[in-house]
Amino acid sequence: MSNVFISTANCGKAHDADIFGLSVCNPYTVTCSGDGSIKLWKNNLLDNELPRNNYIRQFVHKTGVHHVEVFHSVERGGNELCIIACVSFSGHIFFYNVDIESGDLNELNLLSPKEDKKSYWAIKWYKSDDSNICHRFAATDVKGSTYVWRFHPFEEELDEEQAQKEKMKREAKARRNGEYVPDKDAEIDSTFRSATVRPHLMLDAEIPAQKPAFATCIDISSSGLIATGFSNGNVVISQLRTLRPIHNFEAFGIQGIEQNSNTVRDVKFSPLGTILAVASDSGSYGCVTMYETEYGERIGSLTVPTHSNQATIGAFAHSGWVFGLSFNSTGEFLASCGYDSKVRVWDVKSRERVSTLNITASDIEEEQEILLEDEHGDSLKFPPVMAVKFINKGVRKGMGSDTNEGLCCVCMDRSVRWFREAGGA
């Protein structure tokens, strides 16, 4: 089985410096860069409209921005929220509220002065689909700790514990009486319909590092788990509600080699939270390992067949470090990208590669936007791919994107590239 992805749009020299981060929501594709800015590329474009002419730029910090995450949700009362969180190389987290109609960005101060003094690195939003469960925001710091906040869109805060107790009482009473338990969202919605929208964070707790190590990446599952990856190759999974660590996956890369890298570059849960994919280094190669999350067992690695007798010491997904992972909406496929200038799409069940996108400088349509060398004179003819994201059907408009899933990636030649799956619905 194979999947074919075709290019739908690209933008060379999208930023004035390297692009490090990528996030996708319904209204925007959002990128962040070493030039200190974030850009919001509009997704809803007509066939004759180009991304380079349809974006919003926001300067963030002079040190540059390396991570970006977007929270997009329609809350109670029809209130649409779009909040961007990004991290600068100074270690600060910046938040911006996006007015969807006007495109204006307004900075939000969501951290307390004490919280703002820490040096953060990776960040993640968690959007709850349960009206009795709070949204969450999580971040790692350079000392290896993971912090989790409850995110409240309204001035009136949801008491999660009390809401759960009341839900259990209603269900128990209904079962005793043999009654149908209705969806209580409408009842709760009427309580909050006139509530004042005031996005704010309340610190839940800190998950301290088990060993001193740089916390490089983070993800939160729909099943209530949080995973943190470290520079020493370890990954810790904790329960989101109790923040108690339940699984610890230790590095398994090439050992005993001088200057060897075991760094975990990315962690991603499948949509149902039953699988965790881990991208890590093994020397100069890139590995992707799959774990099931109930018992913490390793279920396999993604491997590219090779004829080289030098690559039999491990299972490698890329011939260079893997920088990013992304599951599609159904969890059937996983995309990976790496230093080898490739984006690969894998069948999760069979763990077989079903598509490979070979990224080259000649992909960029406008010749004046092609960047062939970096500031050090090194060739960018085959640029490393820094991040990749699946795009749900209907998010990008035109050229079959309404009925087909897509991909977006950012590369070291400072480009943003959009693709969609070929074929019918």
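As the structure is a prediction and not an experimental result, all values here were calculated from the model. No hydrogens, no waters, no symmetry mates; every other heavy atom, side chains included, goes into these values.
At least one test fails for Arg136 against the ring of Trp125: distance under 6.0 Å to the centre or angle within 45° of the axis. A cation-pi arrangement is present between Arg265 and Trp321 under the rule of less than 6.0 angstrom and at most 45 degrees off the ring axis.
The side-chain heavy atoms of Ile38 and Leu40, taken from C-beta on, include a pair separated by under 4.5 Å. Within the 4.5 Å cutoff, no side-chain heavy atoms of Val87 are placed close to those of His92. Considering only heavy atoms from C-beta on, Asp281 stays 4.5 Å or farther from Asn262 through its side chain. Side-chain atoms of Asp363 and Arg417, non-hydrogen and from C-beta on, do get closer than 4.5 Å to each other. Tyr126 places a side-chain heavy atom less than 4.5 Å from the side chain of Leu240. In this structure the side chain of Ile83 never reaches within 4.5 angstrom of the side chain of Val70, judged on heavy atoms. Looking at Glu352 and Leu302, their side chains never come closer than 4.5 Å, going by heavy atoms from C-beta outward. In this structure, the side chains of Pro383 and Met386 stay at 4.5 Å or more apart for every pair of heavy atoms.
For the residue pair Ser102 / Asp104, a side-chain donor-acceptor distance below 3.5 Å is found, with atom types taken as modelled. Judged purely by distance below 3.5 Å, without hydrogens or angles, the side chains of Glu405 and Ser329 pair a donor atom with an acceptor atom. Counted by atom type alone, Thr196 and Arg198 present zero donor-acceptor pairs between their side chains at under 3.5 Å. Of the N and O atoms on the side chains of Thr146 and Thr140, not one donor lies less than 3.5 Å from an acceptor on the other residue. A donor atom on one side chain and an acceptor atom on the other are found under 3.5 Å apart for Thr29 and Asn43.
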Q: Quick one: do Tyr147 and Leu201 satisfy side-chain contact (heavy atoms from CB on, under 4.5 Å)? Show the steps, please.
A: CA-CA 12 Å; Tyr147 301 88; Leu201 297 174; over 6 Å; no

Q: Give the C-alpha distance, both sets of side-chain angles, the deciding distance and a yes or no for side-chain contact (heavy atoms from CB on, under 4.5 Å) between Asp266 and Val264.
A: CA-CA 6 Å; Asp266 202 6; Val264 178; over 6 Å; no

Q. Given the rule in the ring pair (Phe, Tyr, Trp, His ring centres under 6.0 Å) test, do Phe95 and Phe137 qualify, once you have shown the distances and angles that lead to the verdict?
A. CA-CA 11 Å; Phe95 298 91; Phe137 179 74; 5.2 Å; yes

Q: Before giving the answer on side-chain contact (heavy atoms from CB on, under 4.5 Å), spell out for Ile56 and Leu105 the whole-Å C-alpha distance, their side-chain angles and the decisive distance to 0.1 Å.
A: CA-CA 9 Å; Ile56 303 165; Leu105 274 69; 3.9 Å; yes

**Q.** salt bridge (charged side-chain N to carboxylate O under 4.0 Å, His left out) assessment of Asp219 paired with Lys268
**A.** CA-CA 6 Å; Asp219 196 27; Lys268 283 292 183 295; 5.2 Å; no

(Q) Determine whether Ser221 and Ser223 satisfy the following criterion, side chain to side chain donor-acceptor pair (under 3.5 Å), listing intermediate values before the conclusion. (A) CA-CA 5 Å; Ser221 79; Ser223 59; 2.9 Å; yes

Q: For side-chain contact (heavy atoms from CB on, under 4.5 Å), just list the numbers for Ile84 and Val98, CA-CA rounded to whole Å, side-chain angles, deciding distance to a tenth of an Å, and then say yes or no.
A: CA-CA 8 Å; Ile84 298 175; Val98 185; 3.8 Å; yes

Q. Would Trp41 and Thr31 satisfy side chain to side chain donor-acceptor pair (under 3.5 Å), going step by step from the backbone distance to the final call?
A. CA-CA 8 Å; Trp41 309 85; Thr31 56; 3.0 Å; yes

Q: Would you please test His247 and Glu292 for side chain to side chain donor-acceptor pair (under 3.5 Å) and show each step?
A: CA-CA 11 Å; His247 300 306; Glu292 62 84 31; over 6 Å; no

Q) Phe327 and Phe333: ring pair (Phe, Tyr, Trp, His ring centres under 6.0 Å), yes or no, with the steps? A) CA-CA 6 Å; Phe327 280 96; Phe333 300 104; over 10 Å; no

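With Lys127 contributing its side chain and His72 its backbone, the two residues share a donor-acceptor pair below 3.5 Å. Not one N or O on the side chain of Arg241 forms a donor-acceptor pair closer than 3.5 Å with the backbone of Gln239. When atom types are taken as modelled, the side chain of His318 and the backbone of Cys287 share no donor-acceptor pair closer than 3.5 angstrom. One N or O on the side chain of Thr293 and one on the backbone of Gly273 form a donor-acceptor pair closer than 3.5 Å. No donor-acceptor pair under 3.5 Å is formed between the side chain of Thr63 and the backbone N or O of Ser88. Under the 3.5 Å distance criterion, the side-chain polar atoms of Asn54 are left unmatched by any main-chain donor or acceptor of Lys42. Checked by atom type and distance alone, the side chain of Ser336 never pairs as donor or acceptor with a backbone atom of Leu325 at under 3.5 Å. A distance-only check finds a donor-acceptor pair linking the side chain of Asp141 to the backbone of Ser145 [under 3.5 Å]. No donor-acceptor distance shorter than 3.5 angstrom exists from the side chain of Ser355 to the backbone of Arg344, with no hydrogens or angles considered. Listed for the Asn328 side chain is a donor-acceptor partner under 3.5 Å among the backbone atoms of Glu332.
For the atom pair His15 NE2 and Cys32 SG, the distance stands at 7.5 Å (nearest 0.5 Å). Atoms OG and CG, on Ser33 and Asp18 in that order, are 7.0 Å from each other to the nearest 0.5 Å. In this structure, the separation between CD1 on Ile246 and CD on Glu294 is 10.0 Å, given to the nearest 0.5 Å. One finds the OH atom of Tyr28 at 10.5 Å from the CG atom of Asn44 (value rounded to the nearest 0.5 Å). Going from atom CG of Asn234 over to atom CD of Glu250 covers 5.0 Å, rounded to the nearest 0.5 Å. We find the CZ-CD1 distance between Phe269 and Ile220 to be 9.0 Å, quoted to the nearest 0.5 Å.
Aromatic ring pairs are classed by plane angle as parallel below 30°, tilted from 30° to 60° and perpendicular above 60°; the pair Tyr291 and Phe249 is parallel.
The aromatic ring centroids of Phe5 and Phe419 lie 6.0 Å or more from each other.
Checking His152, Arg150, Glu157 one by one against His200, the side-chain hydrogen bond (donor to acceptor under 3.5 Å, both in side chains) holds for a single residue, Glu157. Exactly one of Trp121, Phe323, Phe94, Phe20 qualifies for a ring pair (Phe, Tyr, Trp, His ring centres under 6.0 Å) with His66. That residue is Trp121.
A salt bridge does not link Lys114 with Asp116: every distance from a Lys NZ or Arg NE/NH1/NH2 to an Asp or Glu carboxylate oxygen is 4.0 Å or more. Using a cutoff of 4.0 Å between basic side-chain nitrogens and carboxylate oxygens, Asp35 and Lys39 are not scored as salt-bridged.
Within a 6.0 Å radius of OH in Tyr295, no more than 12 heavy atoms belonging to other residues, nucleotides or ligands are found. Heavy-atom contacts from other residues, nucleotides or ligands closer than 6.0 Å to CZ of Phe71 number more than 12.
What you find for Val395 and Cys25 is that their closest heavy atoms are CG1-O, 3.7 Å.
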